[in-house]
Amino acid sequence: MYRYDEHDRRLVRERALQFRDQVRRRISGELTEDEFRPLRLQNGLYLQLQAYMLRIAIPYGLLSTAQLRKLAHIARTYDKGYGHFTTRQNIQFNWPELTDVPSILDELASVEMHAIQTSGNCVRNITSDPFAGAARDELVDPRPLCELLRQWSTFHPEFAFLPRKFKIAVTAAERDRAAIAVHDIGLRIVRRDGALGVELWVGGGQGRTPMLAEKIRDFVPLRDLLSYCEAVLRTYNEDGRRDNKYKARIKVLVKETGVDEFRRRVEAEHARIKDDPALVLDEGELARISKHFVEPPYEARTERIDALALGKDRALARWLKSDVLPHKKPGYAIVQLSLKNADLPPGDVTHEQMDAIAELADRYAFGHVVVTHRQNLVLRDVRIVDLPALHAALVPLGLATPNVGRPSDVIACPGLDYCDLANARSIPVAMQIQERLMKLEAEHEVGELTVNVSGCINACGHHHVGNVGVLGIDKQGEEFYQVMLGGSSSEAPALGKVLGRALSPTEVVDGVERVVATYLRLRHDEEETFLAALARLGHDPFKEALYGAHPTSTRAA
Amino acid sequence: MVTMVSSGYERAPWSPGKWGRDGSRGEAWVKAQRPTARGLRAAAGACTTIITFPIGQLWIVPEPMSKPTLHSVVTANRLREGTVIYVAPGPRWTERFDEAELFAAAEAADAALAWAKGEREVCGVYLLDVGVEASGDKKLPQRERLRAAGAVRVLERLHLTAAELPRKIARPT
């Protein structure tokens with residue numbers, strides 16, 4: 001993985017030092033809250049409902065075990081003993097005290113981490129395929145490009161005050177595990193005539209106006225990658241709306257100007273800057289970064305996952321089937337650790353679990369852990385021969401729930417339990433849905449089906465792209481929930497469609513269970529996915545399942 | 001036929017608390033819609049007017065409902081740790097919602113707000129509306145109920161039902 005050079009180290013240390021002084025000045029009264037707010041936000045520190053929240057960047061979700069142990073230490077020392085992995089592959093601590101945050105930033109800097117650009121109208125953490133480097137279906141390892149983009153976008157002087165936040169996702173695989181269609185820029189690494197380049201998508205996003213990205217270039221050669229991204233951001237920075245926060249994302253600009261006109265402006269800007277030596281992607285630089293992402297020392301092995309699954313241990317077999325995936329190297333597997341069990345909110349990990357995961361990653365996975373945008377963790381390179389021992393170690397930690405990619409692998413944002421922006425709680429609803437669906441999964445082979453829960457229209461829980469999406473809303477001070485069906489963030493992206501009136505917390509839990517049960521009852525066979533069944537049957541049977549005999553009742557309209 | 005029976009605030013479908021404080025929102029509304037002997041007695045007790053139409057329909061017009069009166073509370077977060085606090089008489093800060101000063105007059109609320117904004121060790125100061133019922137019970141939107149609950153870990157809260165949550169807040173321990 002990438003290691004900081006002296007330049008990176010200095011930048012991060014200086015930033016922590018600056019923030020220490022800013023906090024001192026805020027406490028002493030030299031800075032007012034209005035003056036201090038943008039400063040703390042630039043360091044990922046939010047004030048939530050009843051505590052501060054520190055969001056820490058995890059570039060493309062990749063953590064070393066030293067970093068994970070440091071996060072455990074921070075959770076234990078400065079927080080309430082746990083952290084929350086987010087849908088942007090970051091981690092959030094929910095209870096830090098303001099005066100401790102400078103020390104937390106120092107601790108982070110000591111393991112090459114920071115909270116820079118995790119808030120504010122700038123380029124946020126670059127996200128990617130959590131299986132990068134190990135996936136069978138990837139063209140190349142996308143992480144060197146992610147790292148290159150991270151360095152280009154970090155402290156980019158021109159893009160520190162964009163009209164609104166900006167999110168970039170990168171994939172190099174056939175299956176899209178990075179949700180590039182719902183990012184401001186989505187990059188798919190492709191090969192044309194033997195040369196690598198990227199397919200460039202712009203203007204996707206969720207939030208209050210969900211949109212799927214538009215492809216604006218089939219092929220951008222690697223040489224032009226930075227200059228093309230720079231041209232997109234310059235066009236957005238220049239033309240994006242600043243008069244209305246809700247219309248300030250690049251998706252609105254692309255929509256309002258039309259994709260052809262937007263493309264024309266980007267191309268014109270690109271023509272102007274593409275030979276700027278500072279922006280031409282130097283092969284030497286890419287090679288230098290790529291050296292940080294060399295393959296670990298794999299052994300020559302031949303074991304197979306399916307052979308293991310034939311044993312008597314049914315719990316192991318179920319886990320292998322749902323949480324373990326084939327690796328590009330024979331004899332190895334990709335292991336997903338489910339953070340969706342009955343004990344903790346989705347994405348939450350205790351400090352004891354973090355330490356234990358670090359221990360297991362050191363023993364079995366070359367010392368690396370990856371965060372997924374579905375709020376799970378991945379041990380990327382595990383020898384198949386080690387899987388039974390790893391499973392046995394994960395079970396008592398509550399990290400071997402056999403449900404990754406299954407309905408009970410529910411995504412949920414922090415919601416009104418923590419978040420100042422939320423309208424309704426996500427966690428209790430998500431956990432109750434999860435509990436119900438676990439029962440269904442125990443009885444049926446449900447297959448892949450995603451349930452995503454957000455506590456407000458900002459859509460941190462990605463409800464628009466859940467096969468079943470749940471959105472919390474506020475009606476006269478009370479929590480209600482809309483249900484939408486048909487969303488997907490895969491390579492065939494789609495936005496869900498709202499079924500009808502919003503439901504009470506109890507009704508929505510029952511309703512989602514009935515929707516999934518209806519799918520199980522009406523599907524042709526186990527091969528027919530929820531989305532395929534929905535396309536064949538239409539929304540009506542599911543609407544009926546959700547609302548029963550009162551589809552238009554005004555009870556909660 | 002009785003078209004509407006309403007014997008009080010909790011069952012009134014148009015009131016801010018819509019379906020009562022006990023978490024059984026929908027159920028309470030359905031009950032209110034269904035004329036029962038008990039409901040009729042309750043309604044008759046609360047009614048000032050009973051009108052009988054020639055065709056035999058009975059309309060019961062409920063007494064004008066005692067709507068909660070709107071008060072304001074000044075709230076903020078402590079600067080160092082973000083803890084939710086309220087302005088109490090004095091003025092002073094308190095972490096207990098039940099100790100917060102209820103301002104009926106806008107001028108008094110604004111004065112307290114100005115005092116709060118001048119305090120150094122706080123941030124995120126704002127006025128929040130509280131509905132106070134004749135019984136003295138205070139009505140808050142869910143967001144404020146959760147804030148008033150204090151820094152209870154989500155997991156601890158999870159075991160509380162929707163009905164228990166506001167009660168816990170009403171009697172902080």
Side-chain angles (χ1 to χ4, degrees), chain A residues 23 26-29 32-34 36-37 40 45-53 80-82 84 94-100 342-345 348 414-420 422-428 431-432 472 474-480 503-507 550 553-556, chain B residues 13-21 23-30 33 75-85 95 117-125 128-131 139-163 165-166:
Chain A
V23 169
R26 175 67 187 105
I27 298 286
S28 73
T32 64
E33 186 59 20
D34 286 346
F36 180 65
R37 192 170 168 273
R40 68 166 159 76
L45 188 65
Y46 290 75
L47 178 64
Q48 300 215 305
L49 281 187
Q50 40 191 336
Y52 288 97
M53 179 273 280
K80 293 196 178 184
Y82 66 103
H84 173 78
N94 286 301
W95 307 98
E97 293 194 8
L98 177 61
T99 43
D100 283 338
D343 302 326
L344 286 172
D348 277 17
L416 194 56
D417 280 304
Y418 296 102
C419 180
D420 192 35
N423 288 322
R425 286 176 298 166
S426 306
I427 293 169
M431 290 189 78
Q432 286 174 57
D474 172 354
K475 282 180 183 287
Q476 294 172 311
E478 300 297 332
E479 296 166 310
F480 283 89
L503 301 166
S504 73
T506 326
E507 287 175 319
H550 308 285
S553 157
T554 52
R555 269 193 293 161
Chain B
W14 58 83
S15 67
K18 248 186 176 177
W19 297 293
R21 292 161 301 174
S24 56
R25 286 175 274 255
E27 203 185 328
W29 170 225
V30 172
Q33 291 288 307
T75 185
N77 297 78
R78 281 200 201 284
L79 176 63
R80 285 167 190 266
E81 72 276 20
T83 309
V84 174
I85 45 177
E95 290 179 17
K117 283 187 172 169
E119 288 281 280
R120 183 195 288 179
E121 290 269 319
V122 304
C123 56
V125 179
L128 73 92
D129 290 338
V130 183
K139 306 287 287 186
L140 284 175
Q142 179 71 341
R143 172 196 158 88
E144 294 301 337
R145 288 203 287 266
L146 288 165
R147 283 181 84 243
V152 181
R153 264 186 66 167
V154 173
L155 268 188
E156 292 157 29
R157 266 194 218 141
L158 277 179
H159 304 296
L160 304 172
T161 63
L165 188 58

Name the region of A:Ser28, side chain, backbone, both or neither, that has any atom closer than 4.5 Å to a heavy atom of chain B.
-> backbone
Under 4.5 Å heavy-atom distance to chain B, tell me which part of A:Asp420 shows up: side chain, backbone, both or neither.
-> both
Partners meeting salt bridge (charged side-chain N to carboxylate O under 4.0 Å, His left out) with B:Glu119 (sequence neighbours left out) | none
In terms of side-chain geometry, is the basic nitrogen of B:Arg145 or A:Glu478 positioned less than 4.0 Å from the acidic oxygen of its partner?
-> yes
For each of A:Ile27, A:Thr99, A:Val23, tally heavy-atom pairs with chain B at distances under 4.5 Å, and name the one with the top tally.
-> A:Ile27
Measure distances from B:Val125 to the heavy atoms of chain A and classify the residue's part below 4.5 Å as side chain, backbone, both or neither.
-> neither
Options B:Ile85, B:Val84, B:Thr83, B:Leu79, ranked by heavy-atom pairs under 4.5 Å with chain A, top entry | B:Leu79
Give a yes or no on whether a salt bridge exists between B:Glu95 and B:Arg78, defined as a side-chain N under 4.0 angstrom from a carboxylate O.
-> yes
Looking only at side chains, do A:Tyr82 and A:Trp95 share a donor and an acceptor under 3.5 Å apart?
-> yes
Under the side-chain hydrogen bond (donor to acceptor under 3.5 Å, both in side chains) rule, collect the residues that match up with A:Arg37, sequence neighbours excluded.
-> none
Side chain, backbone, both or neither of A:Leu47 within contact of chain B (heavy atoms, under 4.5 Å) | side chain
